[in-house]
S.K.: 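Quick one: this structure, given as structure tokens, is what I'll be asking you about.
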Amino acid sequence: QVQLVEHGGGLVQAGDSLRLSCVASGRTASMVNIGWFRQPPGKERQFVAAFLGYGELTSYADSVKGRFTISRDVAKNTVYLQMDSLTPEDTAVYYCAARSMVSMKTNPADYNYWGQGTAVTVSS
């Protein structure tokens, strides 16, 4: 089992930056594909960014490409999402997720482990 806990959400203004972190515990060696998803108010959960170990591959949603960066610190069992140039459209609850399969997935249904989420609100 893997436990994920997100930190770093909050209220910011448009144009600001925010860094989310996802701390993992448990069988972290099984966390090969790690993703960030978000769920805006009244909408379905959507893919934001993902990281695939064993090659250090990354993938981003078009809406965040060039503004968000996913990274990880293996020693700290932590995955980060650096969010720059935030807009009100980035307002959502952000979730960290992980899976043990060695393939890059962007569909939330493919992920086995989820954190509880952290809320990000961007005011205009």
Side-chain angles (χ1 to χ4, degrees):
Q1 286 282 28
V2 173
Q3 293 79 41
L4 305 171
V5 179
E6 300 96 336
H7 302 281
L11 172 63
V12 296
Q13 293 186 330
D16 285 352
S17 296
L18 202 60
R19 188 176 78 160
L20 305 181
S21 59
C22 172
V23 181
S25 60
R27 298 182 62 182
T28 57
S30 65
M31 285 176 48
V32 179
N33 187 194
I34 304 154
W36 283 97
F37 295 81
R38 66 186 182 187
Q39 188 160 12
K43 296 184 179 181
E44 293 186 352
R45 197 166 296 187
Q46 56 190 225
F47 170 73
V48 175
F51 178 95
L52 180 65
Y54 304 106
E56 309 296 299
L57 297 176
T58 58
S59 179
Y60 295 93
D62 288 342
S63 59
V64 307
K65 201 171 294 183
R67 299 188 299 123
F68 291 11
T69 304
I70 187 172
S71 62
R72 73 172 178 177
D73 186 328
V74 176
K76 295 182 178 180
N77 287 330
T78 300
V79 177
Y80 301 99
L81 184 68
Q82 177 67 40
M83 305 186 295
D84 298 322
S85 302
L86 286 162
T87 73
E89 287 69 37
D90 296 316
T91 294
V93 176
Y94 284 73
Y95 298 90
C96 174
R99 54 193 296 273
S100 58
M101 302 300 289
V102 186
S103 60
M104 178 73 80
K105 295 292 185 182
T106 62
N107 188 334
D110 290 316
Y111 285 75
N112 307 106
Y113 307 107
W114 290 86
Q116 83 289 349
T118 185
V120 173
T121 302
V122 184
S123 63
S124 58

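Counting begins at 1 with the first residue of the sequence.
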S.K.: Do V79 and F47 share a hydrophobic cluster (ILVMFWY, side-chain heavy atoms under 4.5 Å, transitive)?
M.R.: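 No, it is not one cluster - the side chains of V79 and F47 are not joined through contacts under 4.5 Å.
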S.K.: Honestly curious: do V93 and L18 fall in one hydrophobic cluster under the side-chain, below-4.5 Å linking rule?
M.R.: no
S.K.: Check whether Y95 forms a cation-pi arrangement with R45 (NZ or CZ under 6.0 Å from the six-membered ring centre, at most 45° off the ring normal).
M.R.: yes
S.K.: Can you measure from CZ (R38) to NZ (K43) and round to the nearest 0.5 angstrom?
M.R.: 9.0 Å
S.K.: Please report the C-alpha distance between L4 and M31 in whole Å, then the side-chain angles of each, then the deciding distance to 0.1 Å, and finally whether the side chain to side chain contact (heavy atoms under 4.5 Å, CB included) criterion is met.
M.R.: CA-CA 11 Å; L4 305 171; M31 285 176 48; 4.0 Å; yes
S.K.: With the side chain counted from C-beta on, respond yes when V48 and Y60 share a heavy-atom pair under 4.5 Å apart, and no when they do not.
M.R.: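 No. Closest side-chain heavy atoms not under 4.5 Å.
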S.K.: Working to the nearest 0.5 angstrom, can you tell me the gap between N107 CG and R99 CZ?
M.R.: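 Reported value, rounded in 0.5 Å steps: 10.0 Å.
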S.K.: Just list the side-chain donor-acceptor pairs under 3.5 Å for residues 111-118, sequence neighbours left out, or say none.
M.R.:
unit_1	atom_1	unit_2	atom_2	d
Y111	OH	N33	OD1	3.3
Y111	OH	N33	ND2	3.4
Y111	OH	K105	O	2.6
W114	NE1	Y111	O	3.3
Q116	NE2	E6	O	3.4
T118	OG1	G9	N	3.1

S.K.: Measure up the Y94 and F68 rings against each other and bin them: parallel (under 30°), tilted (30 to 60°), perpendicular (over 60°).
M.R.: tilted
S.K.: Let me confirm one number: the CG-CE distance from L52 to M101, rounded to the nearest 0.5 Å.
M.R.: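 Output value for this atom pair is 11.5 Å.
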S.K.: Side-chain donor-acceptor pair under 3.5 Å between R19 and Q82, yes or no?
M.R.: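 R19 vs Q82: no donor-acceptor pair found between side chains.
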S.K.: Transitively linked via ILVMFWY side-chain contacts under 4.5 Å: L86 with Y80?
M.R.: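 No, separate clusters.
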S.K.: Supply the atom-to-atom distance D90 CG to D16 CG, rounded to the nearest 0.5 angstrom.
M.R.: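 The CG atom of D16 is 11.5 Å from CG of D90, to the nearest 0.5 Å.
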S.K.: How far apart are the C-alpha atoms of K76 and V23, what are their side-chain angles, what is the distance that settles it, and do they pass the side chain to side chain contact (heavy atoms under 4.5 Å, CB included) test?
M.R.: CA-CA 8 Å; K76 295 182 178 180; V23 181; over 6 Å; no
S.K.: If we ignore angles and hydrogens, is there a donor and acceptor under 3.5 Å between the side chains of S63 and R67?
M.R.: no
S.K.: Under a 3.5 Å distance rule, please check whether T28 uses its side chain to pair with a backbone N or O of S25 as donor and acceptor.
M.R.: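 It does not hold such a pair.
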S.K.: Would you check, one step at a time, whether the test side chain to side chain contact (heavy atoms under 4.5 Å, CB included) holds for M83 with V120?
M.R.: CA-CA 11 Å; M83 305 186 295; V120 173; 4.0 Å; yes
S.K.: Stepwise, does the side chain to side chain contact (heavy atoms under 4.5 Å, CB included) test hold for T106 with S59?
M.R.: CA-CA 8 Å; T106 62; S59 179; 4.2 Å; yes
S.K.: Working to the nearest 0.5 Å, report the span between OG1 of T78 and NE2 of H7.
M.R.: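 Reported value, rounded in 0.5 Å steps: 8.0 Å.
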S.K.: For F51, is the NZ or CZ atom of R72 found under 6.0 angstrom from the centre of its six-membered ring and inside 45 degrees of the ring axis?
M.R.: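 R72 over F51 ring: no.
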S.K.: Verify whether one side chain among D84 and S17 offers a donor that lies under 3.5 Å from an acceptor in the other.
M.R.: yes
S.K.: In terms of hydrophobic clusters joined by side-chain contacts under 4.5 Å, are F37 and V64 together?
M.R.: no
